[in-house]
Protein chains: 2
Amino acid sequence: MEEALLKLKHHFLETVDITDEEWKYISSHFTFKRLKKHQFLIQEGMNVPHEFWIVKGLVKSYFLEESGKEYILQFALENYWVSDFHAYQNHGISTLNIDCLEDAEFLVMSFDDREKMCVEVPALANFFRIKSTKGYISLQQRVMGLMKDSAEKRFNDLVEKLPNLVQRVPKKYIASYLGVSRETLSRFSK
Amino acid sequence: MEEALLKLKHHFLETVDITDEEWKYISSHFTFKRLKKHQFLIQEGMNVPHEFWIVKGLVKSYFLEESGKEYILQFALENYWVSDFHAYQNHGISTLNIDCLEDAEFLVMSFDDREKMCVEVPALANFFRIKSTKGYISLQQRVMGLMKDSAEKRFNDLVEKLPNLVQRVPKKYIASYLGVSRETLSRFSK
DNA sequence: GAAATAGTGTGATCTACATCACATCAAAAT
DNA sequence: ATTTTGATGTGATGTAGATCACACTATTTC
């Protein structure tokens with residue numbers, strides 16, 4: 001866990017300035033979690049009092065339709081923050097599932113601690129402000145892509161953005177993320 | 001402008017606590033802007049050193065394809081914050097256009113002032129943090145909709161979410177926001 | 001208030017992609 | 001090591017929605 005916390009510290013320092021005392025305080029609020037491939041970080045119907053920073057591994061966050069069809073909202077890997085933010089923010093119940101596509105390690109923070117620390121440590125509020133602005137921007141790019149690009153273009157853009165992802169996960173998940181059927185993806189991904 | 005600033009103060013107070021001194025300081029950094037229908041707030045290729053809070057009116061933020069086809073990313077009305085956040089955040093050049101669908105009034109803040117004040121006034125950092133988290137969540141809902149719902153479902157959801165929008169703007173813009181052709185929309189919006 | 005421009009509806013046709021159905025191959029699980 | 005389960009490719013067929021074409025009606029604009 002010490003090593004993981006050190007990585008997290010660097011992650012913070014890439015975006016904001018944090019003093020050593022602040023870091024000591026912040027870091028004391030994280031816990032460590034380790035999961036194997038196929039285990040769940042968040043399951044539909046749960047409370048979601050935590051958000052997770054991925055130390056290593058790869059997870060998918062997705063929504064299940066009644067039919068059982070799954071729609072992937074996000075692949076998250078090293079250095080990403082994940083949660084069901086909707087449930088997290090509104091203290092509601094999760095409508096998303098997040099599970100591991102590879103063995104993974106996380107640093108875990110509770111909602112209450114985050115809100116408390118964001119008031120106490122302005123740099124932290126700024127960190128999350130900047131992170132979520134960036135998340136907003138990249139989702140906006142995704143919306144644009146869904147509206148104006150063909151499935152093939154979206155696939156090529158994804159390969160360009162995350163070249164190794166396509167190697168790391170089954171194509172059916174890539175398809176589900178792109179909003180296209182497995183079969184159609186197979187016809188141009190070869 | 002005084003009246004507009006008062007409204008903005010209430011808008012802040014809905015989300016965070018701000019003292020009167022803080023407000024005095026924050027509010028001194030806003031300027032006022034008034035535009036008529038069809039005038040541009042942001043045009044492709046411009047620098048985007050500002051973000052805008054809409055006092056009254058309605059704008060559309062959109063992207064133009066080479067063909068001239070337009071894709072609407074967002075309708076923004078009273079109480080919304082708008083800008084080309086990508087260009088704004090990265091000090092880049094705008095790829096979006098934002099123009100007025102109705103006569104409109106704005107309170108304007110510069111990027112530099114925002115960053116400066118977010119460091120000086122933690123409550124402000126928290127305000128924007130919470131706002132952009134909410135923006136992120138609602139874009140996530142939109143991505144879900146684009147992936148799993150039919151155009152008709154998306155239209156009905158929009159009508160439910162913003163019932164008066166459909167009255168306020170031409171249907172072709174609604175279509176462009178939903179990612180569907182004008183003609184197709186017309187076939188089920190009757 | 002006449003002319004020009006923008007908004008809207010509706011048919012006919014076309015197309016990207018979904019769905020179904022099956023075959024092959026790789027990888028877990030017993 | 002053999003069975004079971006998951007991943008992938010590929011044909012045949014179906015369909016939501018795009019595109020084209022035109023008519024009609026509001027709304028600007030001069």
Side-chain angles (χ1 to χ4, degrees), chain A residues 36-39 58 60 62-72 75 97 99-103 143-159 164-190, chain B residues 35-40 58-60 62-72 75 97 99-103 142-159 164-190:
Chain A
K36 297 226 165 147
K37 190 170 171 173
H38 295 135
Q39 288 187 304
L58 174 59
K60 66 181 208 281
Y62 59 101
F63 172 90
L64 282 177
E65 211 185 29
E66 310 73 45
S67 69
K69 187 166 177 183
E70 94 181 26
Y71 295 89
I72 296 184
F75 292 111
N97 296 279
D99 66 38
C100 300
L101 293 170
E102 300 174 356
D103 295 353
V143 168
M144 291 295 323
L146 283 167
M147 290 205 297
K148 74 184 199 27
D149 297 331
S150 68
E152 183 160 14
K153 174 72 160 51
R154 274 177 272 146
F155 174 71
N156 292 327
D157 288 350
L158 180 64
V159 169
N164 54 341
L165 185 71
V166 186
Q167 264 76 57
R168 281 168 82 174
V169 314
K171 301 257 174 74
K172 70 167 174 177
Y173 296 135
I174 302 284
S176 159
Y177 174 82
L178 293 172
V180 78
S181 74
R182 215 211 82 229
E183 294 92 330
T184 297
L185 180 67
S186 158
R187 289 181 223 274
F188 50 71
S189 73
K190 218 223 58 188
Chain B
L35 290 180
K36 299 228 163 143
K37 190 170 171 173
H38 295 135
Q39 289 187 304
F40 282 83
L58 173 58
V59 305
K60 67 182 208 282
Y62 59 101
F63 172 91
L64 283 177
E65 212 183 28
E66 310 74 44
S67 69
K69 188 165 175 183
E70 93 181 28
Y71 295 90
I72 296 182
F75 292 110
N97 295 281
D99 68 37
C100 301
L101 293 168
E102 299 175 355
D103 296 352
R142 181 139 171 237
V143 168
M144 292 296 322
L146 284 168
M147 291 204 298
K148 74 182 199 28
D149 298 330
S150 69
E152 182 160 15
K153 175 74 158 49
R154 273 177 273 145
F155 174 71
N156 291 328
D157 288 351
L158 180 65
V159 170
N164 54 340
L165 186 71
V166 186
Q167 265 74 56
R168 281 169 82 174
V169 314
K171 301 256 173 75
K172 68 168 174 175
Y173 296 135
I174 303 284
S176 159
Y177 174 82
L178 293 172
V180 78
S181 74
R182 217 211 79 226
E183 294 92 330
T184 299
L185 180 67
S186 158
R187 290 182 222 275
F188 49 70
S189 72
K190 211 224 66 173

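Please read all numbers here as calculations on a predicted model, not as lab measurements. The sequence lines fix the lettering, A, B, ..., with proteins before strands; numbering per chain opens at 1.
- Rounding to the nearest 0.5 Å gives a distance of 9.0 Å between NZ of Lys172(B) and CZ of Arg182(B).
- In plain terms, the two heavy atoms of Ile72(B) and Ser176(B) that are nearest each other are N-OG, 3.0 Å.
- Checking His38(A) against Ser150(A), the closest nucleotide of DNA chain C that is more toward the 5' end is the one next to Ser150(A).
- Judged by the 6.0 Å distance and 45° axis criteria, Lys60(B) is not positioned over the aromatic ring of Tyr177(B).
- Using a 4.0 Å cut-off between charged nitrogen and carboxylate oxygen, Arg168(B) and Glu102(B) count as a salt-bridge pair.
- Rounded to a whole Å, the NZ atom of Lys36(B) is 15 Å from the C1' atom of dT29(D).
- For the pair Leu185(B) CG and dG17(D) P, the interatomic distance rounds to 11 Å; values are reported in whole Å.
- The interatomic distance linking Arg182(A) (CZ) with dC17(C) (C1') rounds to 14 Å, in whole Å.
- Glu183(A) contributes no side-chain N or O that forms a donor-acceptor pair with the base of dC17(C) under 3.5 Å.
- In terms of phosphate contacts, Ser186(A) brings a side-chain nitrogen or oxygen within less than 4.0 Å of OP1 or OP2 of dG9(D).
- When the side-chain nitrogen and oxygen atoms of Lys153(A) are compared with OP1 and OP2 of dC17(C), none of them lie within a distance under 4.0 Å.
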Between Leu101(B) and Lys37(B), is a side chain to side chain contact (heavy atoms under 4.5 Å, CB included) present by the stated rule, with each step listed?
CA-CA 5 Å; Leu101(B) 293 168; Lys37(B) 190 170 171 173; 5.8 Å; no
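- Checked against dT19(C), dG7(C), dA18(D), the side chain of Tyr173(B) finds its nearest nucleotide in dG7(C).
- Relative to the side chain of Lys37(A), the nucleotides dT19(D), dA21(C), dA28(C) differ in distance, and dA28(C) lies closest.
- Side-chain atoms of Ser181(A) lie closest to dA18(C) of the nucleotides dA18(D), dA18(C), dT10(C).
- The nearest whole Å value for the distance from the CD atom in Glu102(B) to the P atom in dT27(D) is 15 Å.
- Atom CZ of Phe155(A) is separated from atom P of dT8(D) by 11 Å (rounded to the nearest Å).
- With the nearest nucleotide of DNA chain D identified for both Lys69(B) and Pro170(A), Pro170(A) has the one nearer the 5' end.
- The listed nucleotides are dG7(C), dC17(C), dG17(D); the one nearest the side chain of Thr184(A) is dC17(C).
- Taking atom CD on Glu65(A) and atom C1' on dT19(C), their separation rounds to 14 Å, with Å as the unit.
- At whole-Å resolution of the value, CG in Leu178(A) and P in dA16(C) are 18 Å apart.
- The shortest distance between the side-chain N/O atoms of Lys172(A) and the OP1/OP2 oxygens of dA7(D) is below 4.0 Å.
- Set against dC17(C), dT8(D), dT19(D), the side chain of Arg187(B) has dT19(D) as its closest nucleotide.
- Taking atom CG of Leu146(A) as the reference point, atom P of dA16(C) lies 18 Å away to the nearest angstrom.
- Out of dG17(D), dT10(C), dG9(D), the shortest distance to the side chain of Lys171(A) is found at dG9(D).
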